[in-house]
Number of protein chains: 4
Amino acid sequence: MATAPNIDRERGLSDELADQIFEAAMRVFAERGFARAKVEEVAEAAGLARATIYYHFRTKRDLYVFLLQRGIEQMAVHVETEVAGIEDGREAVERLVAAHVDFFDRYQAFTQVVLLETWRIDPEADITPERILAPDLAVVGQVLQKARNEGVVKKLDSGVLVSSFFGLVAAAAIYFASYRTEFPHARMKKALVEIFLHGVLREAD
Amino acid sequence: MATAPNIDRERGLSDELADQIFEAAMRVFAERGFARAKVEEVAEAAGLARATIYYHFRTKRDLYVFLLQRGIEQMAVHVETEVAGIEDGREAVERLVAAHVDFFDRYQAFTQVVLLETWRIDPEADITPERILAPDLAVVGQVLQKARNEGVVKKLDSGVLVSSFFGLVAAAAIYFASYRTEFPHARMKKALVEIFLHGVLREAD
Amino acid sequence: MATAPNIDRERGLSDELADQIFEAAMRVFAERGFARAKVEEVAEAAGLARATIYYHFRTKRDLYVFLLQRGIEQMAVHVETEVAGIEDGREAVERLVAAHVDFFDRYQAFTQVVLLETWRIDPEADITPERILAPDLAVVGQVLQKARNEGVVKKLDSGVLVSSFFGLVAAAAIYFASYRTEFPHARMKKALVEIFLHGVLREAD
Amino acid sequence: MATAPNIDRERGLSDELADQIFEAAMRVFAERGFARAKVEEVAEAAGLARATIYYHFRTKRDLYVFLLQRGIEQMAVHVETEVAGIEDGREAVERLVAAHVDFFDRYQAFTQVVLLETWRIDPEADITPERILAPDLAVVGQVLQKARNEGVVKKLDSGVLVSSFFGLVAAAAIYFASYRTEFPHARMKKALVEIFLHGVLREAD
DNA sequence: GATGAATGAGTTTTCATTCAT
DNA sequence: AATGAATGAAAACTCATTCAT
């Protein structure tokens, strides 16, 4: 896991350069969205000439996919590390929420890119959100599935479970990223765990 | 409420034509996203000449804002009608979820536009998601606030509450819209209500 | 004949504008060849903005095909007029040569475009020289065929006959166009007729 | 003769490598024409890296000139060998046609390059077709001149004679190369000799 | 000698927008 | 009110060429 093929890394793009471009692309795509972002901007942000980007990536889209894959890979690694070795299903779910909130909070730019842009890159091609998010979805699905099998989590449709999980976490991330509220990270994390696990109703306690 | 200013309706755009353009814009913007959508495409879809669109709307962006405002207005009306007159806070929250799921399900195209594009139209301008979603957020906030005050809902930060609500509902909408799963609408609605109210844990029951 | 479909004339390109663009394209493509010619240059030569060319022609290649088709059409008309009504096979062939030399001489720019560029536009597509030259080839083939049937012309393979005819006439056109020799038009015409009809050997007389 | 200066052979390009590049360039330039051909393609076809081509040739144009010169050199040698030692003027002319047809037929790719591209390489520079074709033109001119002086060939302008000769032979070459007709080589050769020497009219016999 | 990497200088094409009718 | 025609301003992508290794 977390060792995806990285189809895009053409012509022996060195790790260093890959990082450089990754960072630059992240910043630019997050701020402007795929369509409004200019390759020139990414190049500039990476301290390279525009043509150099094209030397390493056939198209703007390829660059974008590279960004997504690499980011999700890192996210999956982060999350997996967090939930690794936890036996208790309930705690695993808690950690799952927490790990996502942490990651989304730390990489707000990337989060926006992934959550808002992935849906429209190229529906007809094989670059669906499902596929892009696959590494993380694998971890999330696994944890939730296990918890469900253990009877810790309700017998809900697994699609609904996963989408709810993502919706909750992502919405908060985007919401707070957009409004840069001073709302403390810790309290947000706690609140989301609470809602996901127990719902909003008071009597549920 | 539901009687927004409609700054855009220039030069006596007839209701009929407004509908025509609204539908066309919805389809096109949903399918391609704001940036990739062409004014020409909207015109064509509306059976009009490109210049005619410009006769009624100063810019592409104005057309887009018109679409959003009109759509959200309708959504707010729909939701408000659904929760109107319900005294019981808990039931109101249930209906709130249900009403959104229904609306999102019926207007999938519009949902995609609102939920994925709003965030990036024009950050520096006054067209923030907050403002665009205002009519609906007002209703949602009201219902949740009331329920919280009544002690039905937990004392969570209201921003978190609202974002959670939206995240849950919206994610499901997009998720199912994208994959056109055969998952029955009714069951999805029920599941989301369940999760939002009681969480995913089984022991909560 | 000489009333081809003109598939390219999109969006009601007026006759006047068509002429304008035709002339401009001719000059530019002749001087620089297809690949080196810039659409910008054609636009400028036509007194239009570059985008205006693109308003009327989808691509540079389309513009080029328009140029070829229109030119050949005119050539076929010219030639056909010259040989029309001539009963004597031998005289018809003479006139055929003369008409081509005249046309090629008058429209040297166009001649270069047709004879040097056509072969490589798009081999795999349906824009072969054969098809482009069709209107003229039809006339040439007809005249030669008739003369052959009448026993005026030798029983040579018709492909060889046509290609020889073209080769002779075209080579002279390009040769003299390139070197702008002071060689008198009339003498060249006579010489080519002589060679085509009787060959270069003296004893043949 | 046939021992041109070869200005291009820089940095001790070995014969083997020269051949390798010659073949590759021939194929690529023939297929795509000068402007559309990429140096990269030639390199690839030669099994070399792009920069290696630039190690041996200052520019793409230099590479092209190298190709032309080397090819024409070979052609001139071939033709000269064929007509060498022939006393009879008429037979020499016959052999001249035959030798060209043979060469063009065998090296169709090169033929296309020479006959279609030479005219536009660099008109303002000294790379005119006249100069490029010089080695062969020398032989052709010599043979025709001699025949004319001997009274075997008519007293036609020598430019017309040469252009007619080339036009006839080249047109057939290109024609048959393009359409890969199954027309037998031998018959074509005979027909062209016939036309060039005696013309197309039957009564001439 | 050979070449991977980098880039400057274009060029085609796209589109929102304007305007005369 | 409506629209065909025209265009300015981008922006993606290409490719010959250079250069450090």
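A note on names: the letters A, B, ... follow the listed sequences, proteins ahead of strands, and every chain is numbered from 1.
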Undergrad: Rounding to a whole Å, what distance do you find between A/E40:CD and E/dG10:C1'?
TA: 14 Å
Undergrad: Start at the 5' end of DNA chain E and walk down; is the nucleotide closest to A/A49 or to D/L48 reached first?
TA: D/L48
Undergrad: Taking atom C1' of E/dT3 as reference, at what distance in whole Å does atom NE2 of D/H56 sit?
TA: 11 Å
Undergrad: Base, sugar-phosphate, or nothing for D/A35, non-hydrogen atoms under 4.0 angstrom?
TA: nothing
Undergrad: Rounding to a whole Å, what distance do you find between A/F34:CZ and F/dA11:C1'?
TA: 12 Å
Undergrad: Can you measure B/E41 atom CD to E/dT14 atom P for me and round it to whole angstrom units?
TA: 12 Å
Undergrad: Categorize C/A43 for me: base, sugar-phosphate, or nothing, with a 4.0 angstrom heavy-atom threshold over every strand shown.
TA: nothing
Undergrad: According to the Watson-Crick and G-U wobble definitions, with both distances under 3.5 Å, which nucleotide is paired to F/dA1?
TA: none
Undergrad: Please give me the minimum heavy-atom distance between D/A35 and C/R36, naming the atom from each residue.
TA: CB-CG, 4.5 Å
Undergrad: Check whether any side-chain N or O of A/Y55 sits under 4.0 Å from OP1 or OP2 of E/dA6, and answer yes or no.
TA: no
Undergrad: Rounded to the nearest Å, what distance is computed from the CD atom of residue D/E44 to the C1' atom of nucleotide E/dT3?
TA: 15 Å
Undergrad: Does any residue of residues 19-27 of chain D have a heavy atom under 4.0 Å from DNA chain E, and if so, which ones, in number order?
TA: none
Undergrad: Nearest heavy atom decides the nucleotide; on that basis, is C/L17 or B/L17 closer to the 5' end of DNA chain F?
TA: B/L17
Undergrad: Where does the angle between the aromatic ring planes of B/F66 and B/F22 fall among parallel (under 30°), tilted (30 to 60°) and perpendicular (over 60°)?
TA: perpendicular
Undergrad: In Å, rounded to the nearest 0.5 Å, how long is the span from CG of A/L63 to CZ of A/R58?
TA: 13.5 Å
Undergrad: Nearest-nucleotide wise, let me know which of B/T52 and A/K38 is further upstream toward the 5' end of DNA chain F.
TA: B/T52
Undergrad: Assign the ring pair B/F29 / B/F34 to parallel, tilted or perpendicular, where the plane angle (0 to 90°) is split at 30° and 60°.
TA: parallel
Undergrad: Pick one: which of B/V65, B/I21, B/D19 meets side chain to side chain contact (heavy atoms under 4.5 Å, CB included) with B/R70?
TA: B/D19
Undergrad: Rounded to the nearest 0.5 Å, how far apart are CZ of B/R32 and NZ of B/K38?
TA: 5.5 Å
Undergrad: Within a strict 4.5 Å, meaning less than it, do heavy atoms of the C/F110 and C/I72 side chains meet?
TA: yes
Undergrad: Which whole-number value in Å describes the distance from D/I53 CD1 to E/dG1 P?
TA: 15 Å
Undergrad: side-chain contact (heavy atoms from CB on, under 4.5 Å), that's the test. Do B/T111 and B/V114 meet it? Break it down for me.
TA: CA-CA 5 Å; B/T111 301; B/V114 172; 6.0 Å; no
Undergrad: Under 3.5 Å, which N/O atoms of the protein pair with N/O atoms of nucleotides 17-21 of chain E?
TA:
residue	atom	partner	partner atom	Å
E/dT17	OP2	B/Y54	OH	3.0
E/dT17	OP2	B/K60	N	2.8
E/dT17	O4	B/R50	NH1	3.2

Undergrad: Supply the atom-to-atom distance A/E117 CD to A/L67 CG, rounded to the nearest 0.5 angstrom.
TA: 10.5 Å
Undergrad: Between P on E/dT12 and OH on C/Y64, what's the gap in Å once rounded to a whole number?
TA: 15 Å
Undergrad: Pairing check on E/dT14: which nucleotide meets the Watson-Crick or G-U wobble criteria with it, both distances under 3.5 Å?
TA: F/dA9
Undergrad: Going from CD on A/E41 to CD on A/E44, what distance comes out if it is rounded to the nearest 0.5 angstrom?
TA: 7.5 Å
Undergrad: Rounded to whole angstroms, how far apart are CZ on A/F57 and C1' on F/dA12?
TA: 16 Å
